[in-house]
Amino acid sequence: MTAPDDALQACSSCGSTVLTRLPLVLTDGTDVTFISCHVCEVRAWFSQDEAGGWTSIPIASVLERSARKPR
Ligand SMILES: [Zn+2]
């Protein structure tokens, strides 16, 4: 069993733990964490599910959730 935030502790690509972690709230209210690896420059977005686990979400989904809906 992995800790809920394991996904945020190491780079999914190179395993480095030298990461920038930036919690953000998207325009639609979704809590996400932005991860940027200092070693291989991988960038990833994660959202937390109801069980407390972190799931990576595609950048397209982030952009969609961040878009301001025209009125
Ligand atoms: Zn990396």
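As a basis for the values below, the full set of heavy atoms in this structure was taken, side chains included, without hydrogen atoms, waters or symmetry mates. Nothing here was measured: the structure is a model prediction, and the numbers come from that model. Residues: numbered from 1 along the sequence shown. First listed ligand is number 1; within each ligand, the first listed atom is number 1.
- Listed by chain and residue number, the protein N/O/S atoms under 2.8 Å of the Zn ion (ligand 1) are Cys11 SG, Cys14 SG, Cys37 SG, Cys40 SG, with waters left out.
- Grouping the Ile, Leu, Val, Met, Phe, Trp and Tyr side chains by contacts below 4.5 angstrom, directly or via other members, places Trp54 apart from Leu24.
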Output a table of donor-acceptor pairs, distance under 3.5 Å, between side-chain atoms of residues 16-23 and any protein atom two or more places apart or on a different chain; print 'none' if there are none.
| unit_1 | atom_1 | unit_2 | atom_2 | d |
| --- | --- | --- | --- | --- |
| Ser16 | OG | Val18 | N | 3.0 |
| Thr20 | OG1 | His38 | NE2 | 2.7 |
| Arg21 | NH1 | Leu8 | O | 2.9 |

Where do Phe46 and Ile57 land on the side chain to side chain contact (heavy atoms under 4.5 Å, CB included) test, with the steps shown first?
CA-CA 6 Å; Phe46 291 87; Ile57 53 178; over 6 Å; no
What verdict does the side chain to side chain contact (heavy atoms under 4.5 Å, CB included) test give for Ser61 and Arg65, after you've listed the backbone C-alpha separation in whole Å, the side-chain angles of each residue and the deciding distance to 0.1 Å?
CA-CA 6 Å; Ser61 176; Arg65 291 168 183 269; 3.4 Å; yes
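- The CH2 atom of Trp45 sits 10.5 Å away from atom CD1 of Ile35, with the distance rounded to the nearest 0.5 Å.
- Not one N or O on the side chain of Thr30 forms a donor-acceptor pair closer than 3.5 Å with the backbone of Leu26.
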